[in-house]
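Accompanying notes for the structure given below.
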Amino acid sequence: MDRHGWSRTTAYAVGAAVLLAAGTGCSGGGDSGAASAALVAPSGTTAPAGTPSPRQGAATPSPSTPPAPAAADAAAWAKWNLTPLPPAPPAPADKPVKLQRTGPVPVFSEVRTSDKVVFVTIDDGAEKDPRFVEMLTDLKVPVSMFLTRDIVKDDYGYFKRLQALGNHVHNHTVDHAQLSKVTPEKQKSEVCDAQAALTQQYGTPPLLFRPPYGDGANTPALNSSVQQCGPRAIVLWRESMQIHDMQYQAADKKLRPGDIVLAHFRGPKDLKGETMTQMFGEMLARIQEQGFAVARLEDYIAAPAG
Ligand SMILES: [Zn+2]
């Protein structure tokens, strides 16, 4: 383990056997089979001695502790026929993931935390359902968006509305290529050209990158491309939302603290008639049933200093 809390050897080795689904795009669950690599922070590398733990167990809530769901919040959840999730705990002061400005980027599918939280990521960008903006506005569930340039370019503005709710935009290539099958030059342009377009549109360079299908995530070639283009980590997932249920990598089919959950911007034609908001509601129900809150992934990540 190096001082940043992940094993680079593990990051490259784990997940070498990425499963690839047939077909194009993410429709059809193609992203659901990728192997995972855990980003693990050694338990000893936390805050300096004497610093109160920012996480659970604190008897006295800090001033930033969010209030319990108010009646208005309960009404918002009821509007969508959902039971409210527990509120997320305060963002940890000492981020479990610390990214570096240069050098190899870590590959991870979960974040080391004892908070009973999971992180929701949404990929591609095909479905641009206005009701989903309404849903996130009502429920205030944080999401991280991994956008594919050529899938979102007909309506960049849709995702600006989600960004305005506090959600971050990340890089998911130019055209959803299967990166292990393309030349190094094409691989680099898939990452760099998407980075440029998303930076121009959303005003800030994407910090994270996700390869379509998780393909190539643990290869030195892709790691090098990502380094050259700007993102500072490659993010995979532990669970993949389908239409009504999640596909789990864990044999016991249970969420664990810090898991990253994959979903997609999909509509009725990819969801057997279900809408984006129905799918997302089902996902929140699966999370609620297991007693987890949804936290913001970027709150657990320290971007490179400087
Ligand atoms: Zn995708």
Partner set under ring-ring contact (aromatic ring centres under 6.0 Å, His included) for F159, not counting sequence neighbours: F265

Contacts of E185 that satisfy salt bridge (Lys or Arg N to Asp or Glu O under 4.0 Å) - sequence neighbours left out: none

Pairs flagged by salt bridge (Lys or Arg N to Asp or Glu O under 4.0 Å) wherever residues 76-86 is involved - sequence neighbours left out: K79-E134, K79-D138

Residue pairs, two or more places apart or on separate chains, that pass salt bridge (Lys or Arg N to Asp or Glu O under 4.0 Å) and touch residues 287-301: R286-E289

Of all pairs that satisfy salt bridge (Lys or Arg N to Asp or Glu O under 4.0 Å), the ones with a partner from residues 216-236, not counting sequence neighbours: none

Residue list, side-chain contact (heavy atoms from CB on, under 4.5 Å) with K253, at least two apart or on another chain: Y248

Partner set under side-chain contact (heavy atoms from CB on, under 4.5 Å) for A302, not counting sequence neighbours: K95, K98

Pairing residues for R256 by the side-chain hydrogen bond (donor to acceptor under 3.5 Å, both in side chains) criterion, not counting sequence neighbours: D252

Residues in side-chain hydrogen bond (donor to acceptor under 3.5 Å, both in side chains) contact with R149, at least two apart in sequence or another chain: none

side-chain contact (heavy atoms from CB on, under 4.5 Å) involving Q201 - partner list, sequence neighbours excluded: Y156, K160

Sequence neighbours excluded, every pair satisfying ring-ring contact (aromatic ring centres under 6.0 Å, His included) that has a member inside residues 117-141: F119-Y300, F132-F280

Test side-chain contact (heavy atoms from CB on, under 4.5 Å) applied to Q228 - qualifying residues, sequence neighbours left out: K188, S224

